[in-house]
Amino acid sequence: VLLREVQALTFHRGLYTTSRRTPAVPQLQCTGGTAGCSRVPEAVQCYNKGWDGFDVQWQCKADLENAYRFGQIEVSCEGYDYPDDPYILRGSCSLLFRLELTEEGERKVKNSGSFDSGYLSRKDSSDSGTGTIVVIVLLILAFGVYKLFLGNQQPQQSFGDSDGFTRPSWQSWQVPPPPGFKSSFTGRN
């Protein structure tokens with residue numbers, strides 16, 4: 001079919017293009033924008049608004065919330081016999097688009113700090129308290145383990161041995177040196 005004569009195209013999320021010479025691609029492809037790609041519509045209809053001598057000029061509409069609008073759009077179709085063929089393969093068109101925030105959307109983001117203020121703010125307020133409690137409990141446990149195992153590393157003094165000398169407790173429980181060990185090597189008697 002001649003692309004200039006196509007009056008309208010409908011694209012669906014999750015469906016792929018028909019293909020003959022190239023691999024099939026998703027019919028709807030979000031390429032970014034100030035609103036991101038989290039709100040890709042179920043269906044988009046694009047209408048032929050005229051020919052500029054080089055390409056068809058498209059106007060696309062979808063069921064979007066007031067906070068979102070289409071930015072840059074590009075309808076791309078597979079040429080029937082070669083890449084720039086004015087005749088296209090039926091069903092081969094896809095829509096590449098940017099999703100932008102409207103003024104209303106920008107106000108919502110500025111006020112809430114997120115795209116989906118209702119869900120995220122309720123979720124964050126309940127989770128932040130729980131998260132803080134968990135962090136505090138973990139810090140207390142870590143401190144307790146530190147004090148139990150690592151915080152008291154000084155040798156304990158014993159206040160009376162059988163020989164009457166005071167020496168650190170770790171020294172009184174030491175095993176004797178191995179056979180052949182000469183204490184003159186260490187400088188101790």
Side-chain angles (χ1 to χ4, degrees), residues 1-139 142:
V1 65
L2 187 62
L3 179 61
R4 278 194 292 197
E5 294 178 0
V6 174
Q7 294 304 307
L9 293 169
T10 303
F11 305 99
H12 298 278
R13 184 174 69 191
L15 295 182
Y16 283 77
T17 59
T18 303
S19 63
R20 179 172 171 232
R21 295 180 304 101
T22 61
V25 296
Q27 289 182 4
L28 288 174
Q29 299 178 55
C30 179
T31 60
T34 56
C37 292
S38 63
R39 297 284 187 178
V40 175
E42 282 292 320
V44 177
Q45 280 197 318
C46 295
Y47 303 96
N48 183 336
K49 289 298 187 179
W51 174 259
D52 67 359
F54 178 72
D55 207 356
V56 175
Q57 301 301 301
W58 299 98
Q59 178 184 25
C60 298
K61 296 183 178 183
D63 190 17
L64 291 171
E65 294 176 25
N66 291 339
Y68 307 99
R69 67 174 178 81
F70 286 116
Q72 180 180 353
I73 59 168
E74 180 183 343
V75 173
S76 178
C77 305
E78 181 179 330
Y80 192 78
D81 283 326
Y82 52 92
D84 290 327
D85 193 342
Y87 289 90
I88 60 165
L89 177 65
R90 182 175 176 230
S92 69
C93 296
S94 66
L95 177 66
L96 282 79
F97 64 94
R98 293 176 56 86
L99 203 54
E100 307 291 347
L101 290 172
T102 61
E103 287 181 23
E104 179 183 333
E106 288 175 2
R107 277 193 307 272
K108 283 183 179 179
V109 169
K110 188 182 290 184
N111 291 339
S112 69
S114 66
F115 288 119
D116 192 358
S117 61
Y119 172 74
L120 286 178
S121 63
R122 282 191 305 270
K123 182 178 184 298
D124 288 346
S125 65
S126 64
D127 286 350
S128 63
T130 306
T132 304
I133 292 171
V134 168
V135 168
I136 290 171
V137 168
L138 288 175
L139 286 172

Practice item. Could you tell me the separation between the CZ atom of Phe11 and the CG atom of Leu28, rounded to the nearest 0.5 Å? Key: 7.5 Å
Check your understanding: Are there more than 12 heavy atoms of other residues, nucleotides or ligands under 6.0 Å from atom CD of Gln72?
Key -> no
Exercise for review: Working to the nearest 0.5 Å, report the span between CD of Glu5 and CG of Leu3.
Suggested key: 10.0 Å
Review point. What residues form a side-chain contact (heavy atoms from CB on, under 4.5 Å) with Asn66, not counting sequence neighbours?
Key: Glu104
Revision key, fill the gap. Residue set satisfying side-chain contact (heavy atoms from CB on, under 4.5 Å) with Gln59, at least two apart, ordered chain then number -> Lys49, Lys61
Review point. Can you list the steps and then say if Val75 with Val56 is a side-chain contact (heavy atoms from CB on, under 4.5 Å)?
Key: CA-CA 9 Å; Val75 173; Val56 175; over 6 Å; no
Side-chain donor/acceptor pairs under 3.5 Å, residues 89-100, sequence neighbours excluded:
unit_1, atom_1, unit_2, atom_2, d
Ser92, OG, Glu78, N, 3.1
Ser92, OG, Leu89, O, 2.6
Arg98, NE, Glu100, OE2, 3.2
Glu100, OE1, Thr34, N, 3.0
Glu100, OE1, Thr34, OG1, 3.0

Point to revise | Partners passing side-chain contact (heavy atoms from CB on, under 4.5 Å) against Glu65 (at least two apart in sequence or in another chain) | key: Arg39, Tyr68
Exercise for review: Would you indicate whether the side-chain heavy atoms of Asn48 and Trp58 approach each other to under 4.5 Å?
Suggested key: yes
Review point. For Asp63, what residues pass the salt bridge (Lys or Arg N to Asp or Glu O under 4.0 Å) criterion, not counting sequence neighbours?
Key: none
Practice item. Would you please name every residue forming a side-chain contact (heavy atoms from CB on, under 4.5 Å) with Ala24, sequence neighbours left out? Key: Tyr16, Thr17, Ser19
Check your understanding: Which value, rounded to the nearest 0.5 Å, describes the distance between Ser76 atom OG and Ile88 atom CD1?
Key -> 10.0 Å
